[in-house]
Amino acid sequence: MASDPLVKSYAEALFQVARAEEMLDRVEEELTRLNKSLESNAELREFLSTLQISPDGKKSALSQIFGQKISPVTLHWIDMVVDQGRQRRLPAIIEAFLTLAQDAREKVTAEVITSVPLSEDLAKRLEQELSKITKKRVFLKPMVDDSILGGVIVKIENKV
């Protein structure tokens, strides 16, 4: 987890609320999608980082973009992060939250790199086999890298 106490405190706050509300899986899924949006959309990152846009403007836009797709718990937490001017730290905070959630459930993320996208069936089978090997619940993070010739590269907890 991040060693930054600020990142850790925001992640722990959401983790505690999500667990108390029995919404840990849902919040984890929502934050994973949000993180992917932040990674893939430079305009969204720029929008959140722009100081000329008020926190209320950012919250309103985020509510319009994600409001119907995420739970009130996650939306209120994002609003709090924006209100306190910490939106630039969202990716690090989300990663810290995901680490907390995985540790709580003995769940690990497997980064799976292939030359072509995995089919849904193959992804599920790979998830099941990796779960047997690690004796933990495995969450796949599929990535496509067309520079590899074939096969699969799997990274789990600093192991390849």
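In what follows, every heavy atom counts, from backbone to side chain, and hydrogens, waters and symmetry copies are set aside. Just so it is clear, the structure is predicted and the values come from calculations on it, not from any experiment.
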Within-4.5 Å side-chain heavy-atom neighbours: [X] and [Y]:
{"X": "L14", "Y": "L31", "result": "yes"}
{"X": "Y10", "Y": "Q84", "result": "yes"}
{"X": "P91", "Y": "E39", "result": "no"}
{"X": "V152", "Y": "I113", "result": "no"}
{"X": "W77", "Y": "V82", "result": "no"}

Indicate whether any N or O donor in one side chain lies under 3.5 Å from an N or O acceptor in the other, for [X] and [Y].
{"X": "S71", "Y": "E30", "value": "yes"}
{"X": "S63", "Y": "S60", "value": "no"}
{"X": "S54", "Y": "D56", "value": "no"}

Provide the closest heavy-atom pair for [X] versus [Y] in the form atom of the first, atom of the second, distance.
{"X": "V138", "Y": "A110", "answer": "CG1-CB, 3.6 Å"}
{"X": "V73", "Y": "M23", "answer": "CG2-SD, 3.8 Å"}
{"X": "R26", "Y": "I70", "answer": "NH2-C, 3.8 Å"}
{"X": "L98", "Y": "E28", "answer": "CD2-CG, 3.5 Å"}

key: E129 with K132: basic N within carboxylate O range, under 4.0 Å   =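 So E129 pairs with K132 through a salt bridge.
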query = Under 4.0 Å between a Lys/Arg side-chain N and an Asp/Glu carboxylate O for R33 and E29?
reply =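 A salt bridge links R33 with E29.
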Under 3.5 Å: donor-acceptor pair, side chain of [X], backbone of [Y]:
{"X": "S9", "Y": "L6", "answer": "yes"}
{"X": "T50", "Y": "Q52", "answer": "no"}
{"X": "K155", "Y": "E111", "answer": "no"}
{"X": "R45", "Y": "L38", "answer": "yes"}

